[in-house]
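Here is the structure we will look at, set down as structure tokens.
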2 protein chains.
Amino acid sequence: MAQSNPPFMSGVPELLLLRLLNEQEMYGYELVRSIRKVTDEAISLGEGVIYPVLHSLERNGSLKSKRKAVSGRTRVYYKLTRKGRDRLEKLRNDWSRIQGGVASALESGANA
Amino acid sequence: MAQSNPPFMSGVPELLLLRLLNEQEMYGYELVRSIRKVTDEAISLGEGVIYPVLHSLERNGSLKSKRKAVSGRTRVYYKLTRKGRDRLEKLRNDWSRIQGGVASALESGANA
DNA sequence: CGACAATACCTCGAACTAAAAGGTATTTCA
DNA sequence: TGAAATACCTTTTAGTTCGAGGTATTGTCG
């Protein structure tokens, strides 16, 4: 019945989002620019990635949102829930694990 | 016309394979176990991942294969071509870039 | 004032990866 | 003899991410 686990490398956008929102509440458009900035331009996620992840995170209870009107424009601010903090912790560990695995694979042996 | 770049986090299986085959030629079944080992069990890729990647790598000229019969069983040994070494270098850089980006995102700010 | 860039939200479709499960055949070993 | 290990492979499914588009408002510059 071929039920698949999520690809082992995935969840980095989610991790970054949660990481930033754990520090302070932000809105989608802001997060797009923020991610580029805090990753030193190494990672650039478009709105087509950010918004869907934000919505799915809210649906599963990791985020709570609050609309705010700022000078005519509507912003949707997100903040972490308890569940979101747990999720962040889990993703952080997953990442550190695979990061370590790759590092160890790349370092081992003689690097000619 | 929505032509997508590969997902920015992908290519790790490929990276690991190339890394190992750069050190010495190996066959598919061997690589499955080897990856588990050199990543300290952090990453475990099944045959359903390994073989297709191997084939696609060979198709695009990054690998060359050679069948060898060992005590009745047929093994297909792979080794890197010049193009494969270039590809390895590229993937290594990509990885280091995004790895650094994530690290910098996770470290920044006050970790309460 | 008129136009264009920037802000801010959103969704849909395509592309791609990787996962799992299954399939074949041989050999080793209890 | 019969199960487990070796060794190859493919197909189906699931999941993520990507790009491109679409709406509406505000700010800016000529």
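Below, read A as the first sequence line, B as the second, and so on, with proteins coming before strands; counting in each chain starts at 1.
Under the salt bridge (Lys or Arg N to Asp or Glu O under 4.0 Å) criterion, A:Arg82 pairs with A:Asp86, not counting sequence neighbours. Annotation: side chain to side chain contact (heavy atoms under 4.5 Å, CB included) contacts of B:Val49 (sequence neighbours excluded): B:Pro13, B:Leu45, B:Val53. Listed by chain and residue number, B:Lys66, B:Tyr77, B:Lys79 satisfy the side chain to side chain contact (heavy atoms under 4.5 Å, CB included) test with B:Glu25 (two or more places apart in sequence, or in another chain). Legend: residues meeting salt bridge (Lys or Arg N to Asp or Glu O under 4.0 Å) with B:Arg87, ordered by chain and number and at least two apart, are B:Glu14.
One atom, CD of A:Glu14, and another, P of D:dT17, lie 8 Å apart when rounded to the nearest Å. Residue B:Ile35 contributes atom CD1, which lies 11 Å from atom P of C:dA18 at whole-angstrom precision. What separates CG of A:Leu31 from C1' of D:dT17 is a distance of 17 Å, to the nearest Å. Taking atom CG on A:Leu45 and atom C1' on D:dT16, their separation rounds to 12 Å, with Å as the unit. One can place CD1 of A:Ile43 at 15 Å from C1' of D:dT16, the figure rounded to the nearest angstrom. The CG-C1' distance, from B:Leu57 to C:dC16, rounds to 16 Å in whole Å. One can place CD1 of B:Ile50 at 14 Å from P of D:dT10, the figure rounded to the nearest angstrom.
Residue pairs meeting the side-chain hydrogen bond (donor to acceptor under 3.5 Å, both in side chains) criterion with at least one partner in residues 37-52 of chain A, sequence neighbours excluded, are A:Arg36-A:Ser44, A:Asp40-B:Ser104.
Although no hydrogens or angles enter the test, the distance criterion places no donor-acceptor pair under 3.5 Å between the side chain of A:Glu58 and the main chain of A:His55.
Comparing A:Gly72 and A:Gly48 against DNA chain D, the residue whose closest nucleotide sits nearer the 5' end is A:Gly48.
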Spell out protein contact along nucleotides 2-9 of chain C as letters: B when the base is contacted, S when just the sugar-phosphate is, - when no protein heavy atom is under 4.0 Å; keep the 5' to 3' order. ----BBBB

